[in-house]
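Data first, discussion second: the structure below is written as structure tokens.
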Number of protein chains: 2
Amino acid sequence: MEKTCGNGSLRAGDAGRKVTLIGWVSKRRNLGSLVFIDLRDRSGIVQITFDEKMAAQVQEVRNEYILSVTGTVQLRKDANPKMATGEVEIHAEEVTIVNSSEALPIDLSDNSTSSEDTRLKYRYLDLRRPSLQANLILRHKVCMIVRSTLDQKGFIEVETPILAKSTPEGARDYLVPSRIYNGKFWALPQSPQIYKQLLMIGGMEKYFQIARCFRDEDLRADRQPEFTQIDIEMSFGDEDTIFAVVENLMHNIFKGVKNHELEDHFIRIPWIECMKRFGSDKPDMRFGNEIQDITSIFENTEFQVFRSVMEAHGMIGAVKFSNAADKYSRKGLDALQEFVKHGFKAKALAYLKMNGGELSGSIAKPLSDEEKKAVAERLDLQDNDLVLVIADQERIVETSLGALRVRLAHELDLIPQGENYKFLWVTEFPMFEYSEEEHRWVAAHHPFTAPKEEDVDKLLSDPAHVSSRAYDLVCNGYELLSGSIRIHDQQLQKKVFEAIGLSPEKAQERFGFFLDAFKYGTPPHGGVGIGLERLTMILAGTDNIRDVVAFPTTNSSFDLMSEAPGNVDQEQLDVLGIETVKKETEE
Amino acid sequence: MEKTCGNGSLRAGDAGRKVTLIGWVSKRRNLGSLVFIDLRDRSGIVQITFDEKMAAQVQEVRNEYILSVTGTVQLRKDANPKMATGEVEIHAEEVTIVNSSEALPIDLSDNSTSSEDTRLKYRYLDLRRPSLQANLILRHKVCMIVRSTLDQKGFIEVETPILAKSTPEGARDYLVPSRIYNGKFWALPQSPQIYKQLLMIGGMEKYFQIARCFRDEDLRADRQPEFTQIDIEMSFGDEDTIFAVVENLMHNIFKGVKNHELEDHFIRIPWIECMKRFGSDKPDMRFGNEIQDITSIFENTEFQVFRSVMEAHGMIGAVKFSNAADKYSRKGLDALQEFVKHGFKAKALAYLKMNGGELSGSIAKPLSDEEKKAVAERLDLQDNDLVLVIADQERIVETSLGALRVRLAHELDLIPQGENYKFLWVTEFPMFEYSEEEHRWVAAHHPFTAPKEEDVDKLLSDPAHVSSRAYDLVCNGYELLSGSIRIHDQQLQKKVFEAIGLSPEKAQERFGFFLDAFKYGTPPHGGVGIGLERLTMILAGTDNIRDVVAFPTTNSSFDLMSEAPGNVDQEQLDVLGIETVKKETEE
């Protein structure tokens with residue numbers, strides 16, 4: 001049983017060819033004594049025609065039966081322009097029913113009526129959907145391009161362990177009880193971070209791995225308990241070297257799978273500037289509407305609200321939306337106010353509208369004519385422009401206006417559709433962030449990230465103002481990768497652990513072997529981890545991570561298909577030396 | 001800091017070139033006022049010469065310091081033919097000490113004096129050993145060739161879950177307790193078997209994955225708790241189709257990494273024949289010395305020992321070793337006897353030696369002249385030939401003589417050294433084997449393997465004599481892969497579960513979703529899983545699996561480097577709803 005070609009590959013030029021096709025019945029129609037069957041395989045769908053004589057042999061055939069058909073390719077009288085193979089049909093001369101099928105429990109049509117849960121339960125059937133197959137093939141292509149690109153640049157793919165040591169910094173580890181050493185546990189790695197740095201210490205120089213990573217988080221819509229990272233690390237390079245490798249990779253990927261040429265180099269914006277201009281560390285650059293700092297206009301303001309913000313060293317910021325004033329009624333603006341109050345802790349949202357040369361709006365009255373004129377000039381306001389204004393602490397102003405910027409861009413349809421990819425390096429991320437929960441500074445990226453050299457002295461004295469050599473690559477508002485130049489000096493590494501309150505004893509217990517390794521000729525090194533699912537989602541044009549994962553879980557981390565996690569035999573727990581604990585209902 | 005080329009790449013033709021090199025100090029010698037340093041990077045080692053003026057700058061430099069050196073390539077007066085770069089040296093003009101190193105705790109030289117345990121503890125340093133780096137690069141190359149070969153043939157790499165469902169058939173699963181569903185567990189997959197079959201049901205047609213697999217076994221020398229499998233599955237093919245894919249893959253791998261041409265097609269031998277001829281299901285075909293069944297010679301024997309074996313329907317088998325009679329004294333033969341008695345349950349080992357046309361040896365006396373003559377003729381005995389004879393149950397005769405065949409081939413140096421790869425397909429493995437421990441028939445391969453069509457009727461009535469469509473690929477006595485044509489019929493699958501004593505309820509609980517999937521148009525399919533470590537070991541010419549794994553564990557499944565598995569915080573166990581159990585000492 002061998003097919004001579006893919007069902008989806010046949011074209012008018014194949015007319016007259018004798019072919020053997022194998023595939024699944026996707027549709028069946030009877031027309032008088034004739035039977036038409038759409039036969040589907042991975043390559044696509046083609047119509048098979050069974051004449052009166054042959055029709056008897058497919059009498060019992062229903063959807064999702066598997067047929068092997070030998071016949072001749074013929075031109076169709078009425079071509080179907082909606083099908084890639086729409087110019088031809090196969091006149092069946094021989095047919096074998098390879099396997100039968102019960103009626104499917106899910107609807108495979110493009111506008112499926114089945115719920116996502118039902119489709120996940122029958123994932124093995126949902127995978128027959130051509131769009132899902134196309135996504136998996138796309139993912140495969142991306143990986144092929146990644147590997148050939150990096151291989152050509154001298155990177156070696158090295159597999160690092162999945163059964164690893166638990167180092168509970170960052171997200172929660174999945175644990176694996178040891179049967180041989182009862183009471184001890186492996187952990188599934190959140191990333192190959194420590195291993196790839198050890199490979200640099202081991203002299204591998206250029207490493208990569210398309211690596212499975214695990215985080216036991218309360219899932220969000222775009223997360224899965226396991227995910228895949230294109231993990232890259234190299235010695236003797238700096239940001240320039242690493243960015244060049246990644247840019248080349250992205251060029252090849254977008255060229256290879258979308259035939260789309262990306263710009264040669266992606267712009268770089270330091271984190272502080274990025275927050276000021278876009279109120280986000282992953283700004284969507286497909287549209288403008290940057291945040292304007294208009295604080296200086298109000299240095300001598302009599303408007304009490306602004307004055308008190310300025311006295312508290314706050315900021316007054318604005319975002320302009322051209323020709324949008326008439327699109328936001330009082331009610332629409334109230335909704336925006338609720339949005340920033342509840343989502344971003346802003347105390348209030350003010351607005352101004354330009355109309356016939358006059359500014360109206362919530363703060364038109366309290367502002368002086370001079371101030372209004374200055375605003376209009378600074379923002380270059382034209383008729384029907386809308387200005388959203390927030391006066392508050394700097395970070396609140398930035399994040400609130402940044403969120404409004406994105407929300408209105410969607411509402412006002414400011415984002416160019418189609419193949420439009422705007423990349424941006426965000427650099428010099430803060431080294432630490434304060435954890436209110438743990439009452440300590442924690443590593444913003446991870447504790448192996450190098451601080452900027454000029455900030456090393458502030459590590460312990462002023463951690464809030466230490467910038468790091470961490471960077472993200474952002475595309476269309478999504479974080480595609482993050483990475484950093486790493487610490488390669490043992491003393492500096494110890495100081496960073498101290499800054500995040502990890503005692504020398506704890507640090508030694510958790511990372512002892514890793515700290516030891518730094519003694520023996522550690523090269524300067526750095527790298528990145530690229531989210532493969534995120535990258536594939538952008539390329540596939542989907543917002544649902546389950547569209548690019550073959551066997552995904554639900555958002556609550558359950559595999560509806562195999563019903564995992566599941567029960568295990570008591571004997572399995574006994575040999576592991578663990579037992580399950582009945583929990584009191586705590587909530 | 002950018003190197004202009006790899007240290008190991010420099011040749012006489014580069015003389016006069018100005019280069020910047022970066023690497024680790026592998027050796028340092030002072031010769032009067034001159035200093036010579038061997039500088040190592042991933043590409044190799046080259047000698048750097050520091051004249052009197054420069055020498056001062058490397059005064060403090062010791063082994064494993066990292067240097068960046070700019071200088072000019074010069075021809076050496078005395079070329080060193082042992083080094084690839086032995087014709088040249090670099091005259092240093094600028095040098096930077098990039099990082100320092102304490103004295104290493106392990107010996108990196110080729111004949112290391114460090115124990116394997118010490119080297120595993122400092123794996124990140126041991127990885128600087130050029131031979132180990134070469135193995136990892138070899139492994140990478142193999143994977144690159146596998147992917148490009150399969151991609152070109154239309155196979156799609158699909159990642160299947162690592163957090164999977166526990167299906168305790170075969171080896172033990174590693175379990176992962178669920179935090180969200182306390183009391184329930186994920187399992188790490190022993191292979192992607194079920195997922196790849198579901199991908200076939202999902203219409204993927206041609207799948208592969210270089211997949212991590214996990215088995216919680218009591219380890220043997222050549223096993224690790226996690227290992228990697230080149231996993232392939234395809235629909236609508238049979239043994240011929242699948243073997244052709246694998247043969248093409250092996251051709252490309254051996255050509256690509258060894259520049260070695262393998263034979264076009266590998267021979268195929270059914271399992272029963274293989275056992276008869278070689279006493280093993282993974283025979284080393286680099287030498288002959290096949291087992292001869294000489295039972296028929298003794299049909300009317302008066303030799304009581306042989307007669308009673310024949311009455312019990314046993315077998316008398318022999319293996320000839322040419323020109324070896326004088327190499328085995330009585331003492332040497334006694335050792336062989338002990339070997340088969342203790343290792344293979346043989347009751348005794350007999351032998352004959354040909355000397356000046358006369359047979360001597362342990363059974364020369366009880367055999368008649370006629371019988372001896374028949375043996376000499378059947379085995380074509382020449383002067384100084386040694387014949388080992390065992391009379392016992394058929395399986396014991398085969399496995400004992402098979403083991404002797406291999407042992408003597410090593411002792412007599414019968415195995416051609418060098419690039420000599422003898423491949424063999426062993427086909428039609430038994431479907432079941434009887435587990436004395438569990439008092440039931442178990443699947444010899446796995447329970448999704450198709451029985452040979454003509455044996456289906458015997459599944460329940462005569463499981464001992466059901467052959468399967470399982471196959472192995474053997475190279476030089478090692479099992480490189482195993483695979484099978486799978487069952488694609490739900491009723492047949494149920495019958496096989498019945499044969500191995502898996503009740504419909506248990507089968508439904510464990511594989512319910514998988515059994516259900518068979519209802520909906522399952523294509524005929526089959527595949528293989530190739531052991532990547534084993535393949536790389538053969539190519540690298542090593543017997544130690546740790547030579548081809550970046551971060552291996554000990555034989556007792558402990559990572560000496562990170563000391564994993566390790567302790568975890570009580571809080572980590574609490575959220576998982578498990579606790580560890582103090583075990584009574586049971587043994």
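Below, chains carry the letters A, B, ... as their sequence lines are ordered, and counting in each starts from 1. As the structure is a prediction and not an experimental result, all values here were calculated from the model.
Only the side chain of B:Met144 comes within less than 4.5 Å of a heavy atom in chain A; its backbone stays farther off. Both the backbone and the side chain of A:Thr522 have a heavy atom closer than 4.5 Å to some heavy atom of chain B. Only the side chain of B:Tyr181 has a heavy atom closer than 4.5 Å to any heavy atom of chain A. Contact annotation for B:Ala187: neither backbone nor side-chain heavy atoms come within less than 4.5 Å of a heavy atom of chain A. Residue B:Lys121: no heavy atom, backbone or side chain, is found under 4.5 Å from chain A. Residue A:Arg212 touches chain B through its side chain alone, counting heavy-atom pairs closer than 4.5 Å. Using a 4.5 Å cut-off between heavy atoms, B:Val158 contacts chain A through its side chain alone, with no backbone atom that close. Both the backbone and the side chain of B:Arg42 have a heavy atom closer than 4.5 Å to some heavy atom of chain A. Heavy atoms of A:Trp186 lying under 4.5 Å from chain B belong to its backbone as well as its side chain. At a 4.5 Å heavy-atom cutoff, the contact between A:Met561 and chain B is made by backbone and side-chain atoms alike. Both the backbone and the side chain of B:Leu175 come within contact range of chain A, with heavy atoms under 4.5 Å apart. In this structure, chain A has no heavy atom under 4.5 Å from any part of B:Phe227. At a 4.5 Å heavy-atom cutoff, the contact between B:Thr160 and chain A is made by backbone and side-chain atoms alike. Of the atoms belonging to A:Lys141, not a single heavy atom falls under 4.5 Å from chain B. Proximity to chain B is absent for every atom of A:Asn63, based on heavy atoms less than 4.5 angstrom apart. There is no contact between B:Asp489 and chain A, counting heavy-atom distances below 4.5 Å. Contact annotation for A:Asp126: neither backbone nor side-chain heavy atoms come within less than 4.5 Å of a heavy atom of chain B. Heavy atoms of A:Leu188 lying under 4.5 Å from chain B belong exclusively to its side chain. Interface residue A:Ile66: only side-chain heavy atoms are found under 4.5 Å from chain B. Interface residue A:Leu125: only side-chain heavy atoms are found under 4.5 Å from chain B. If you measure heavy-atom distances from A:Arg147 to chain B, the contacts under 4.5 Å come from both the backbone and the side chain. For B:Leu532, the part lying under 4.5 angstrom from a heavy atom of chain A is the side chain only.
The most heavy-atom pairs under 4.5 Å with chain B, out of A:Ala550, A:Gly566, A:Ser178, come from A:Gly566. If you tally non-hydrogen atom pairs under 4.5 Å between each of A:Pro552, A:Gly183, A:Pro161 and chain B, the highest count goes to A:Pro161. Per-residue counts of heavy-atom pairs under 4.5 Å with chain A were compared for B:Tyr122, B:Tyr65, B:Phe214; the largest is that of B:Phe214. When each of B:Cys143, B:Gly154, B:Ser101 is checked for heavy-atom pairs under 4.5 Å with chain A, B:Ser101 comes out on top. The candidate with the highest count of non-hydrogen atom pairs below 4.5 Å against chain B, out of A:Thr228, A:Val568, A:Leu163, is A:Leu163. Options B:Ala564, B:Gly521, B:Ala103 differ in how many heavy-atom pairs under 4.5 Å they form with chain A, and the most are formed by B:Gly521. Options A:Leu136, A:Val25, A:Asp41 differ in how many heavy-atom pairs under 4.5 Å they form with chain B, and the most are formed by A:Asp41. When each of A:Ile162, A:Val549, A:Leu199, A:Asp516 is checked for heavy-atom pairs under 4.5 Å with chain B, A:Ile162 comes out on top. Among B:Tyr520, B:Tyr124, B:Trp24, the residue with the largest count of heavy-atom pairs under 4.5 Å with chain A is B:Tyr520. Between chain B and the options A:Ala164, A:Pro105, A:Gly6, heavy-atom pairs under 4.5 Å are most frequent for A:Pro105.
The main-chain N or O of B:Pro523 is found under 3.5 Å from a side-chain atom of B:His525 such that the two form a donor-acceptor pair. At distances below 3.5 Å, at least one donor-acceptor pair connects side-chain atoms of B:Gln224 with backbone N or O atoms of B:Thr553. The backbone N or O of A:Ile194 lies less than 3.5 Å from no partner atom in the side chain of A:Gln197, so there is not a single donor-acceptor pair.
In this structure, CG in B:Asn7 is found 9.0 Å from CD1 in B:Ile22, a value given to the nearest 0.5 Å. How far CD1 of B:Ile201 is from NZ of B:Lys196: 13.5 Å, rounded to the nearest 0.5 Å. Taken to the nearest 0.5 Å, the CD atom of A:Glu217 stands 8.5 Å off from the OH atom of A:Tyr174. From A:Ile137, atom CD1 reaches atom CG of A:Leu132 across 10.5 Å, with rounding to the nearest 0.5 Å.
The shortest distance between side-chain heavy atoms of B:Glu2 and A:Thr241 falls below 4.5 Å.
Using a 4.0 Å cut-off between charged nitrogen and carboxylate oxygen, B:Glu157 and A:Arg139 do not count as a salt-bridge pair. A salt bridge is absent between A:Glu102 and A:Arg62; no separation between the charged side-chain nitrogens and carboxylate oxygens falls under 4.0 Å. In summary, A:Glu226 and A:Arg215 do not engage in a salt bridge, as defined by a charged side-chain N under 4.0 Å from a carboxylate O. The pair B:Glu571-A:Arg172 meets the salt-bridge criterion, since a charged nitrogen lies less than 4.0 angstrom from a carboxylate oxygen. Note on B:Lys165 versus A:Asp559: no salt bridge recorded, every NZ/NE/NH1/NH2 to OD/OE distance being 4.0 Å or above. A salt bridge is defined here as a Lys NZ or Arg NE, NH1 or NH2 lying under 4.0 Å from an Asp or Glu carboxylate O, and B:Arg179 with B:Asp574 fails to meet this definition. Using a 4.0 Å cut-off between a side-chain N of Lys or Arg and a carboxylate O of Asp or Glu, A:Arg128 and A:Glu64 qualify as a salt bridge.
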Check: Step by step, would you call A:Asp151 with A:Ser148 a side chain to side chain donor-acceptor pair (under 3.5 Å)?
Finding: CA-CA 5 Å; A:Asp151 176 66; A:Ser148 71; over 6 Å; no
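Under the ring-ring contact (aromatic ring centres under 6.0 Å, His included) criterion, B:Phe518 pairs with B:Phe514, sequence neighbours left out. With sequence neighbours left out, the ring-ring contact (aromatic ring centres under 6.0 Å, His included) criterion links B:Phe551 to A:Tyr195.
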